[in-house]
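Before any comments, here is the structure.
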Amino acid sequence: MQYRAMTPAEAGQALDAACGILRGNLARFTDKFQYSNSENQFYAPSENLEWTTGFCTGEYWLAWEHTGEAAFEAAALRQVDSFMDRIRRRVDVDHHDMGFLYTPSCVAAYKLTGSETGRDAALLAADNLLSRFQQKGQFLQAWGALGARDNYRLIIDCLLNLPLLYWAGEVTGEEKYRAAALAHTKTSMANLVRPDHSTYHTFFFDPETGAPLRGSTQQGYKDGSAWARGQAWGVYGMALSYRYTRDEACIGLFRDVTGYFIERLPEDLVPYWDLTFTDGSEPRDSSASAIAACGMLEMARYLPAEEAAYYTDMAQKLAWALWEHCAVKDARVSNGLLLHGVYAKNSPYNPIPQDRGVDECNTWGDYFYMELLTRLAKRWAPYW
Ligand code: GLY
């Protein structure tokens with residue numbers, strides 16, 4: 001596969017372009033957040049809801065790191081106050097996505113500025129996530145009423161929620177956070193990766209015995225296919241799991257799931273929304289590529305030089321492909337950063353969910369695109 005690799009200087013220039021768009025968004029999106037996906041390429045304002053608003057704040061933190069402009073820091077800190085209010089009042093927090101919400105917003109605030117509000121809000125979010133740990137099965141239940149049979153499952157995305165628990169353990173010195181994260185990682189590793197190295201999106205357990213039952217999908221093409229973003233969560237999730245556990249098995253699974261992802265990239269390197277598709281007219285999910293590339297760069301930190309160079313080169317090529325095919329370069333086109341994402345798409349095998357955010361920007365795609373550029377432009381201290 002031949003493609004141009006983005007250089008660090010080009011990553012810096014792409015960040016300049018992204019920060020230009022964000023600068024224009026500050027007035028509209030500080031007290032309000034961007035809705036999770038754009039419509040006709042433009043985000044509408046939203047209250048602090050869903051699993052996606054932390055990425056808006058994370059983009060401002062990355063923009064502040066890149067430019068040093070006080071306006072980005074001020075906007076991010078104002079949003080951190082909103083996250084404290086949200087967890088205190090328990091607004092839309094009965095799910096596991098506390099890491100997606102509170103790591104790029106509040107943990108980042110604490111790491112970058114020492115914000116006590118950020119730290120305290122993130123610790124409350126970590127406690128909320130911990131409350132979803134199921135002894136029977138040893139996992140964090142993703143969605144729904146705790147213990148309910150029809151929702152007694154983990155999902156691959158949750159690997160990105162675990163750094164919040166590891167961080168909470170480090171900050172408080174309490175072992176319970178790390179113990180839950182380790183148990184969940186072990187259960188995920190044992191059940192989510194298929195023999196051909198594709199991944200299940202979700203996996204059910206028996207609520208009475210904790211026995212593993214079956215894999216299924218929520219947002220992929222079908223239960224047996226590999227939803228592109230799920231596979232990407234697996235790539236980044238295994239890299240982060242290795243960072244926190246130093247378990248060599250994470251490296252093996254990282255190689256497996258990343259190999260599967262890379263082998264199914266089309267010629268232009270922007271994956272289709274499900275890796276079942278390798279050519280044709282199905283929509284792409286640009287966010288999957290940004291997430292996977294961040295995972296490759298994270299894992300490259302721990303690998304032998306030759307292997308690290310391979311994954312770094314691949315991430316640089318994915319970044320260049322995103323810049324070429326998906327990056328917004330003109331605010332008249334979009335107020336987002338990365339075109340051609342998919343939030344959810346139905347299929348003949350999986351008619352629920354309804355199509356949503358198909359061939360649109362989404363906040364996580366924008367955030368991980370910026371994180372990817374930041375990782376390529378400089379040695380970056382991760383929020384995760
Ligand atoms: N974590 C939910 C998603 O990737 O759509």
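Here the structure is a predicted model, which means the values were calculated and not measured. The basis for the numbers below is simple: all heavy atoms, side chains too, and nothing from hydrogens, waters or symmetry mates. Quick note: residue numbers are just sequence positions, from 1.
Salt bridge annotation for R149-E208: present, with a cationic side-chain nitrogen under 4.0 angstrom from a carboxylate oxygen. A salt bridge does not link R194 with D196: every distance from a Lys NZ or Arg NE/NH1/NH2 to an Asp or Glu carboxylate oxygen is 4.0 Å or more. Between E73 and R78, no side-chain nitrogen of the basic residue sits less than 4.0 Å from a carboxylate oxygen of the acidic one, so the salt-bridge criterion is not met. The pair D223-R214 does not meet the salt-bridge criterion, since no charged nitrogen lies less than 4.0 angstrom from a carboxylate oxygen. A salt bridge links R243 and E298; the closest N-O separation between the charged side-chain nitrogens and carboxylate oxygens is under 4.0 Å. Salt-bridge annotation for E50 and R86: absent, with no side-chain N of the basic residue lying under 4.0 Å from a carboxylate O of the acidic one.
Residues satisfying the ring pair (Phe, Tyr, Trp, His ring centres under 6.0 Å) test with Y166, not counting sequence neighbours, are Y244. With sequence neighbours left out, F139 forms a ring pair (Phe, Tyr, Trp, His ring centres under 6.0 Å) with Y152, F205. In this view, F55 and W51, F100, Y367, F368 satisfy the ring pair (Phe, Tyr, Trp, His ring centres under 6.0 Å) rule, not counting sequence neighbours.
At least one side-chain heavy atom of N335 sits under 4.5 Å from a side-chain heavy atom of R28. Taking 4.5 Å as the limit, every side-chain heavy atom of Q141 sits out of range of all side-chain heavy atoms of F133. Side-chain contact between H340 and P283 is absent, with no heavy-atom pair separated by less than 4.5 Å. By the 4.5 Å heavy-atom criterion applied to side chains, H95 and L101 are counted as neighbours. Inter-residue side-chain proximity for T202 and L192 is flagged as unmet; no heavy-atom pair is nearer than 4.5 Å. A 4.5 Å side-chain heavy-atom check between V235 and I291 finds every atom pair outside the cut-off.
W233 and Y102 fall within a single hydrophobic cluster, where Ile, Leu, Val, Met, Phe, Trp and Tyr side chains are chained together by heavy-atom contacts under 4.5 Å.
Between Y242 and F254, the gap from one ring centroid to the other reaches at least 6.0 Å. Taking the six-membered ring for Trp and the full ring otherwise, Y343 and W364 have centroids separated by under 6.0 Å. Proximity of the aromatic rings of F33 and Y43 is defined here by a centroid distance below 6.0 angstrom, and this criterion is not met. Taking the six-membered ring where the residue is Trp, the centroids of H201 and W227 are separated by under 6.0 Å.
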Evaluate side-chain contact (heavy atoms from CB on, under 4.5 Å) for L154 paired with F204, printing each intermediate quantity in order.
CA-CA 7 Å; L154 60 75; F204 282 94; over 6 Å; no
Let's go through E170 and R178 carefully: what are the C-alpha distance in whole Å and the side-chain angles of both, what is the deciding distance for salt bridge (charged side-chain N to carboxylate O under 4.0 Å, His left out) to 0.1 Å, and is it a yes or a no?
CA-CA 9 Å; E170 286 164 14; R178 183 174 170 83; over 6 Å; no
Let me see the working for E307 and R255 under side-chain contact (heavy atoms from CB on, under 4.5 Å), right down to the final yes or no.
CA-CA 10 Å; E307 209 183 356; R255 289 186 182 119; 2.6 Å; yes
Stepwise side-chain contact (heavy atoms from CB on, under 4.5 Å) test for L269 and E324:
CA-CA 10 Å; L269 300 189; E324 278 280 276; over 6 Å; no
Between N350 and K222, is a side-chain contact (heavy atoms from CB on, under 4.5 Å) present by the stated rule, with each step listed?
CA-CA 6 Å; N350 190 22; K222 56 183 174 182; 5.8 Å; no
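Side-chain atoms of Q231 and T199 form a donor-acceptor pair, as typed in the model, at a separation below 3.5 Å. Between the side chains of E10 and T7, at least one donor N or O lies within less than 3.5 Å of an accepting N or O. For the residue pair W64 and E69, no side-chain donor N or O sits within less than 3.5 Å of a side-chain acceptor on the partner.
One distance of note links NE2 of H184 with SG of C158; it measures 4.0 Å at 0.5 Å rounding.
Residue K186 qualifies as open at atom NZ: its count of foreign heavy atoms under 6.0 Å is 12 or below. By the 6.0 Å contact criterion, CZ on R90 is enclosed, its count of non-hydrogen atoms from other residues, nucleotides or ligands being greater than 12. Residue-environment remark: CD (E174) exceeds the threshold of 12 foreign heavy atoms within 6.0 Å.
For the residue pair Q41 and V333, the shortest heavy atom distance occurs at CB-O, 3.6 Å. Residues W167 and K111 share a closest heavy-atom pair of CD1-CE, 4.0 Å.
By the 6.0 Å and 45° rule, R375 does not stack over the aromatic ring of W380. For the pair R153 and F203, the cation-pi criterion (under 6.0 Å, within 45° of the ring axis) is not fulfilled.
Between the R284 side chain and the V270 main chain, a donor and an acceptor come within less than 3.5 Å of each other.
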